[in-house]
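Structure first, commentary second.
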Amino acid sequence: MADPQTALRQLPAVTTVLATREAEALVERHGRQATTDAIRKALHDLRQTYLPSGGSALGRERAPSPSDVAGSAARLLDTLSTLRPVFNLTGTVLHTNLGRALLADAAIEAAVAAMRHPVALEYDLDTGTRGERDDHVRSLLRELTGAEDATVVNNNAAAVLLCLNTFALRREAVVSRGELIEIGGAFRMPDIMARAGADMIEVGTTNRTHAADYRDALNARTGLVLKVHTSNYRIQGFTAEVGARELAAIADAAGVPLMNDLGSGSLVDLSMHGLAREPTVREAVREGARLVTFSGDKLLGGPQAGFIVGDRALIGEINRNPLKRALRVDKVRLAAIEATLNLYRDPDRLASRLPTLRALSRTSGEIHAQALRLRSAMAERIGDAFTVEVADCFSQIGSGALPLDTLASAALSIRPHGSQSALDGLAASLRRLSRPIVGRVADGALLFDLRCLDDADEPAFLAALSERNADRP
Ligand SMILES: *Cc1c(COP(=O)(O)O)cnc(C)c1O
């Protein structure tokens, strides 16, 4: 091993690296300027490792070759785009921080076509006159939910905001104290109500709300009665709530609409797919709510969107609210939504076509077999400082859907032979890969729950693990 000073002198010059075949390929892809900058940065980083405080270069067999430096530059250029695909092995299927639902192939193709070509977004091809953006999904949503009419906005938070603003601006919105939810990412029902311009009238208590509580609160200033599906928590024990059917009758008698915010909402009975039951949108409509709101990218398995289905007259009023224009969705998402909803017309093939449902309905036996298949390949790539075992674990649905309902699954469990900090270092290095691998740490082990690793993704997963070794001198 040469001393640091000699090694520093042996680092290749920028022009030498630029002349390599690897660098030429980078210039082709990223341009000369960006490639040169990345090579300079890679060389700078390497020099740091030779400084006394850096020290990690001690023990190197040889100085990095021009190709090595080009390789480092390639990885720097790859990581420049931060919104890049990751492996979600956290065990949370609808992980809000990792982008929730993955789209079905049909939805992806529809979105790409809409990006590439003009589409009849607000154009009636029959008459050659102006059409309506919502028309593309209106009839599908009516068919799938049994509602009279439907509209779609940016997300469910927007759907709730828009309903409140349309019917309870400078009026009162009545809601149970047991349903004043907070959803991750700063969605708090009282704050949304305030921003919608509604006066929030809380009724009942945290654990018990009765029909009389609602009746007593209704008056000439009431604009809306709100029911919220407590999607991410349960109140158990000495409890009472007023069911949607009874509440709809109370609201109807007072001449105000009942709005039911389902949150995730599902268009099919999930118990058919081995999951616990979540209220379906069709049920909520049938129970008499005049408006029902739900998300596009939770259990429904589509792109981010918020749906409002319900009475035609009320949807018409919502569409005339100027805020609707500010909350509308673009053609790309609309194309993906239409294609996703279309899949629901063929329930038999839904679980094989909709990635969210496919991941949620995988059996623990199937995932266990996959873990056994990958264990030794993983152990080889992780190195001798760790043991890799197959462990039973539980996956979560995520996004607040069915919070108490976990799914039996299997994980690759990694434990360090040495200190715990070695495990943190490993987890960090896997998050720095060009396609990062994100797991979770539990009881001193790094767990990779394989529920969300599609069989077809296994080669890419193993390739990503190998890349980690390539960066080590
Ligand atoms: C998730 C959720 C929302 C917010 O929906 P987004 O689509 O994330 O905006 C609102 N209400 C309930 C009950 C929810 O579960």
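Heads up: numbering here begins at 1 and tracks the sequence. When a ligand or atom number is given, it counts from 1 through the structure's own listing order. As the structure is a computational prediction, the values presented were derived from the model and not from experiment.
Looking at His229 next to ligand 1, no N or O pair under 3.5 Å apart turns up. Backbone and side-chain nitrogen or oxygen atoms of Ser399 are examined, and none is located within less than 3.5 angstrom of a nitrogen or oxygen of ligand 1.
For atom 9 (O) of ligand 1, the nearest protein heavy atom (residue, atom name, distance) is Ala157 N, 2.9 Å. Among protein heavy atoms, the minimum distance from atom 15 (O) of ligand 1 is reached at Ser231 OG, 2.6 Å. If you check which protein heavy atom lies closest to atom 2 (C) of ligand 1, you get Lys298 NZ, 2.5 Å. The closest protein non-hydrogen atom to atom 10 (C) of ligand 1 is Asn156 ND2, 3.2 Å. Scanning the protein heavy atoms around atom 7 (O) of ligand 1, the nearest turns out to be Ser295 OG, 2.5 Å.
Judged by distance alone, the side chains of Asp124 and Thr129 never bring a donor and an acceptor atom under 3.5 Å apart. Between the side chains of Ser466 and Arg381, at least one donor N or O lies within less than 3.5 Å of an accepting N or O. Between the side chains of Arg333 and Asn154, at least one donor N or O sits under 3.5 Å from an acceptor N or O. Remark: the Ser176 side chain and the Glu241 side chain contain no N/O donor-acceptor pair separated by less than 3.5 Å.
With atom 11 (N) of ligand 1 as the reference point, the heavy atom nearest to it among Asn260, Val228, Thr96, Asp261 is part of Asp261.
Ligand 1 places these atoms under 4.0 Å from at least one heavy atom of Arg100: 6 (P), 7 (O), 8 (O). Near Ile181, with a cut-off below 4.0 Å to any heavy atom, the atoms of ligand 1 are 11 (N), 12 (C), 13 (C). In the vicinity of Ile183, heavy-atom distances shorter than 4.0 Å reach the ligand 1 atoms 1 (C), 2 (C), 12 (C), 14 (C), 15 (O).
Contact of the Arg277 side chain with the Glu283 side chain is registered, since non-hydrogen atoms from C-beta on lie closer than 4.5 Å. Side-chain contact check for Leu314 versus Phe167: some heavy-atom pair is nearer than 4.5 Å. In this structure, Phe307 and Leu300 have side chains that are in contact, with non-hydrogen atoms separated by less than 4.5 Å.
With hydrogens and angles ignored, the 3.5 Å screen pairs a side-chain donor or acceptor of Asn156 with a backbone N or O of Phe294.
Here Thr293 has no heavy atoms under 4.0 Å from ligand 1, in either its backbone or its side chain. Residue contacts with ligand 1 for Met189 are absent, since no atom lies close enough (heavy atoms, distance under 4.0 Å).
The number of heavy atoms from other shown groups lying within 6.0 Å of CG (Asp392) does not exceed 12.
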